[in-house]
Amino acid sequence: MNATTEWPTDPAEARALQTRLARKVRLGPAPESVQLIAGVDTGFADAGRTARAAVVVMRWPGLEPVAEMVAERPTPMPYVPGLLSFRELPAVLDALERLAMTPDLVLCDGQGIAHPRRLGIAAHLGVITGFATIGVGKSRLVGTHAEPDIGKGAWAPLMDGAERIGTVLRTRAGVRPLWVSPGHRVDHDGAADWVLACCRRYRLPEPIRAADRLASRRP
DNA sequence: GCGACAG
DNA sequence: ATCTTGTCGC
């Protein structure tokens, strides 16, 4: 499945596809050698009918931007909690495919496996591209957790019953935490470590901040 | 039946 | 997510 593949339009069909794809998610150590980290974010226009995805690639460890790409695609279905990836991924894949390089790690806006069927947008993207991905949510979709301490780097496990599905991570002292979860080919520790390592002076990791700006920039 | 609900 | 300027608070 790529940017030009047919995407489900029916919610029930989309949920069934998520359940199938979730079995392909692989958690494990993050890539050993990381030199290029990409941030992905999506903005909308035309009353939500057009998705505008932005990808910014930065070099590790300096986080200097080395490439950026933007792509627009019509959105297949309206926003439904739990089905976000079907709205954003067509545009995201388009942007990634047009990139003249391959990132070693991809930070994605939204959840990884911290999802009802364990296939948030970051996990979905990882499974269909093979990229190592990490989900970075600005709020909670599912799961319960304690409130992390006030300082930068403080965290609490995000749980769904007895299963750990992510990390609630304070990336800046005194501000709302981030809901971080593995997408594909990373584990809980690696996901939280990489997100924190990419946060400089702001709540959001630099690659996602940059993609955020690009995606919402008025053409 | 009544809330909750990524972006 | 998006519609939108100034404004309350540390």
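We name chains A, B, ... by the order of the sequence lines, and we start the count at 1 in each one. Computed from a predicted model, the values in this text were never measured in an experiment.
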S.K.: For a quick check of understanding: with a heavy-atom distance under 4.0 Å over all strands, which category does A/L119 fall into, base, sugar-phosphate or nothing?
M.R.: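 The residue A/L119 makes no contact with any strand.
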S.K.: Where the side chain of A/I121 is defined as all heavy atoms beyond and including C-beta, which of B/dC5, B/dA6, C/dT2 is the nearest nucleotide?
M.R.: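 Nearest nucleotide to the side chain: B/dA6.
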S.K.: Indicate, with a heavy-atom threshold strictly under 4.0 Å, whether A/G120 touches base, sugar-phosphate, or nothing.
M.R.: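 The answer is base, as A/G120 lies within the cut-off (heavy atoms under 4.0 Å) of a base atom.
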S.K.: A/M159 vs A/I165, test: side-chain contact (heavy atoms from CB on, under 4.5 Å). Steps then yes/no.
M.R.: CA-CA 6 Å; A/M159 308 293 293; A/I165 58 175; 6.0 Å; no
S.K.: Are A/Y79 and the base of B/dG7 stacked, counting only ring centres nearer than 5.5 Å and planes tilted under 30°?
M.R.: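 A stacking contact exists, since A/Y79 sits close and nearly parallel to the base ring of B/dG7.
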S.K.: Evaluate the side-chain proximity of A/S181 to A/L158: yes if any heavy-atom separation is below 4.5 Å, no if none is.
M.R.: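 SC-SC contact between A/L158 and A/S181 ruled out.
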S.K.: Out of C/dT2, B/dG7, B/dA6, which has the shortest distance to the side chain of A/Q111?
M.R.: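 Of the candidates, B/dA6 comes closest.
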S.K.: What is the separation between atom CE on A/M77 and atom P on C/dA1, rounded to the nearest whole Å?
M.R.: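 So the two atoms are 20 Å apart, to the nearest Å.
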S.K.: When all nucleic acid strands are considered with a 4.0 Å heavy-atom cut-off, which category describes A/G82: base, sugar-phosphate, or nothing?
M.R.: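 A/G82: base contact, heavy atoms under 4.0 Å.
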S.K.: State, to 0.1 Å, how close A/A54 and A/A215 come at their nearest heavy-atom pair, and which atoms those are.
M.R.: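 For A/A54 and A/A215, the tightest heavy-atom pair comes out as CB-N, 3.5 Å.
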S.K.: Give the rounded distance in Å between these two atoms: CZ of A/F86 and C1' of C/dA1.
M.R.: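 For the pair A/F86 CZ and C/dA1 C1', the rounded distance is 18 Å.
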S.K.: In whole angstrom, what separates A/H124's NE2 from B/dA6's P?
M.R.: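 So the two atoms are 18 Å apart, to the nearest Å.
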S.K.: Of all the nucleotides listed (B/dA4, B/dA6, B/dG7), which has the minimum atom distance to the side chain of A/D109?
M.R.: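 The answer is B/dG7.
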S.K.: Any chance you could lay out the salt bridge (Lys or Arg N to Asp or Glu O under 4.0 Å) test for A/R170 and A/E147, step after step, and finish with the verdict?
M.R.: CA-CA 10 Å; A/R170 191 90 61 187; A/E147 179 74 13; 3.2 Å; yes
S.K.: Atom CZ of A/F44 to atom P of B/dA6: distance rounded to whole Å?
M.R.: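 Rounded to whole Å, this separation is 13 Å.
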S.K.: When the distance from CG of A/L84 to P of C/dT2 is rounded to whole Å, what number comes out?
M.R.: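 Going from A/L84 (CG) to C/dT2 (P), I get 12 Å.
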S.K.: Taking Watson-Crick and G-U wobble pairs with both distances under 3.5 Å, convert DNA chain C into its dot-bracket string, 5' to 3', dots for unpaired and | for cross-strand pairs.
M.R.: ..........
S.K.: If you define the side chain from C-beta out and look only at heavy atoms, does anything of A/P65 sit under 4.5 Å from A/E206?
M.R.: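 No - every pair of side-chain heavy atoms lies 4.5 Å or more apart.
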S.K.: Counting just side-chain N and O atoms, does A/R87 come under 4.0 Å of either OP1 or OP2 of B/dG7?
M.R.: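 No, no such contact exists.
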S.K.: Please give, in whole Å, the distance from B/dC5 C1' to A/L83 CG?
M.R.: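 So the two atoms are 11 Å apart, to the nearest Å.
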S.K.: Can a side chain N or O of A/K138 be found less than 4.0 Å away from OP1 or OP2 on B/dA6?
M.R.: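 No, no such contact exists.
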S.K.: Kindly determine whether A/D41 and A/R209 satisfy salt bridge (Lys or Arg N to Asp or Glu O under 4.0 Å), including the steps that lead there.
M.R.: CA-CA 8 Å; A/D41 190 32; A/R209 279 193 75 230; over 6 Å; no
S.K.: What is the separation between atom CZ on A/R176 and atom C1' on B/dG7, rounded to the nearest whole Å?
M.R.: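 Rounding to the nearest Å, CZ of A/R176 and C1' of B/dG7 are 14 Å apart.
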S.K.: Do the ring planes of A/W7 and A/F86 sit parallel (below 30°), tilted (30 to 60°) or perpendicular (above 60°)?
M.R.: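 Plane angle over 60°, so perpendicular.
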S.K.: Taking atom P of B/dG7 as reference, at what distance in whole Å does atom CG of A/L107 sit?
M.R.: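 Atom CG in A/L107 sits about 14 Å away from atom P in B/dG7.
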S.K.: So, OP1 or OP2 of B/dA6: does either fall under 4.0 Å of a side-chain N or O from A/S85?
M.R.: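 The answer is no; no side-chain N or O of A/S85 sits under 4.0 Å from OP1 or OP2.
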S.K.: Could you tell me if the side chain of A/L204 sits less than 4.5 Å from the side chain of A/L178, heavy atoms only?
M.R.: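 A/L178 reaches A/L204 side chain to side chain.
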